Amino acid sequence: MSVKRTSSKSLTNYHVNIKIKLAALWTALMFLYVYADFFQLMTPKKLEKMIDLQTPMGPTSPEILVIFSVILIIPSLMIFLSVFLKTQINKWLNICIAALYASMSILIIVSTLGSEWHTFYILFNLIEVFVFAMIIYQAWKWPKVE
């Protein structure tokens, strides 16, 4: 009889549930949003535009603020929804929402190219596109029951 010894230095690689992976990716995305928006406050004229109630979409209005709120509420909810939704709807909701938001990030990248003060913002959005791609990939490759 042989005894298989494992080194005390070996690490265990635990299987992480796909729902937890998706929730973690959406959480990372929210941190990217917060930090990018925070750093954007440090760009020239940004605070003055906010005080003058100007947004990239025009003058601030209650309707614009609702639209901006919905845009940020959806990824926030995806953290929760990725854990609690049933498998089939979870998979397709993650793919569809991530694809939609990736396209918005790509539009932001294109619209800010050439602005030296927004190089950091392009970097954040490139990383966001990568995270969205990981969400789509993870949801697409959702493990099947055998």
Side-chain angles (χ1 to χ4, degrees), residues 6 8-146:
T6 58
S8 63
K9 295 182 181 181
S10 65
L11 302 175
T12 303
N13 188 18
Y14 291 102
H15 174 74
V16 179
N17 185 297
I18 183 69
K19 290 182 170 192
I20 302 302
K21 288 180 184 180
L22 290 169
L25 287 164
W26 285 108
T27 302
L29 184 78
M30 293 307 301
F31 278 105
L32 290 167
Y33 282 167
V34 168
Y35 284 114
D37 289 344
F38 175 75
F39 291 148
Q40 191 173 21
L41 293 174
M42 297 178 213
T43 60
K45 307 279 186 202
K46 180 63 178 178
L47 292 176
E48 290 87 347
K49 288 178 183 176
M50 288 177 67
I51 291 168
D52 291 339
L53 298 177
Q54 294 298 312
T55 72
M57 308 302 288
T60 303
S61 67
E63 296 80 14
I64 289 284
L65 293 177
V66 168
I67 291 168
F68 289 164
S69 297
V70 169
I71 288 171
L72 289 175
I73 286 169
I74 291 171
S76 300
L77 286 178
M78 288 305 295
I79 299 167
F80 163 79
L81 294 173
S82 292
V83 173
F84 290 97
L85 284 178
K86 293 189 181 213
T87 306
Q88 200 64 25
I89 192 165
N90 201 341
K91 173 181 178 169
W92 291 108
L93 189 63
N94 270 280
I95 290 170
C96 292
I97 298 293
L100 174 67
Y101 277 70
S103 64
M104 288 192 308
S105 288
I106 291 167
L107 287 173
I108 290 169
I109 291 168
V110 170
S111 69
T112 55
L113 282 174
S115 172
E116 182 182 23
W117 278 101
H118 287 94
T119 305
F120 76 94
Y121 209 62
I122 293 169
L123 175 63
F124 270 99
N125 277 273
L126 286 171
I127 301 301
E128 288 170 17
V129 170
F130 174 76
V131 173
F132 287 128
M134 289 301 300
I135 291 169
I136 292 167
Y137 175 79
Q138 290 292 323
W140 189 263
K141 295 289 186 178
W142 199 293
K144 307 269 190 276
V145 178
E146 294 182 24

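Residue numbers count from 1 along this sequence. Keep in mind the model is a prediction, meaning the values are calculated, not measured.
Under the 4.5 Å side-chain criterion, counting only non-hydrogen atoms from C-beta, Leu126 is in contact with Ile109. Ile135 is listed as a side-chain neighbour of Val131, based on a closest heavy-atom distance under 4.5 Å.
Tyr101 contributes no side-chain N or O that, together with a main-chain N or O of Ile74, makes up a donor-acceptor pair within less than 3.5 Å. Between the side chain of Thr55 and the backbone N or O of Met57 there is at least one donor-acceptor pair closer than 3.5 Å. Put simply, the side chain of Ser82 never gets that close to the backbone of Ile79: no donor and acceptor are under 3.5 Å apart.
Partners of Trp92 under the side chain to side chain contact (heavy atoms under 4.5 Å, CB included) rule, at least two apart in sequence or in another chain, are Gln88, Ile95, Trp140. Partners of Thr87 under the side chain to side chain donor-acceptor pair (under 3.5 Å) rule, at least two apart in sequence or in another chain, do not exist in this structure. For Ser115, the side chain to side chain donor-acceptor pair (under 3.5 Å) test picks out His118, with sequence neighbours left out.
Within 6.0 Å of the CG atom in Leu113, the count of heavy atoms belonging to other residues, nucleotides or ligands exceeds 12.
In this structure, Ile64 CD1 and Thr60 OG1 are separated by 8.0 Å, a value rounded to the nearest 0.5 Å.
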Show every donor-acceptor pair shorter than 3.5 Å between a side-chain atom in residues 15-26 and any protein atom, with sequence neighbours excluded, or say none if there are none.
from, atom 1, to, atom 2, distance (Å)
Asn17, OD1, Lys19, N, 2.7
Lys19, NZ, Val83, O, 3.4
Lys19, NZ, Leu85, O, 2.9
Trp26, NE1, Asn94, OD1, 2.6

Tabulate below the donor-acceptor pairs under 3.5 Å that side-chain atoms of residues 28-54 make, not counting sequence neighbours, or state none.
from, atom 1, to, atom 2, distance (Å)
Asp37, OD1, Tyr121, OH, 3.4
Thr43, OG1, Gln40, O, 2.7

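Annotation for Glu128 and Ser105: closest pair OE1-OG, 3.1 Å, computed over non-hydrogen atoms.
Applying the ring-ring contact (aromatic ring centres under 6.0 Å, His included) rule to pairs touching residues 54-91 yields Phe80-Phe84, sequence neighbours excluded.
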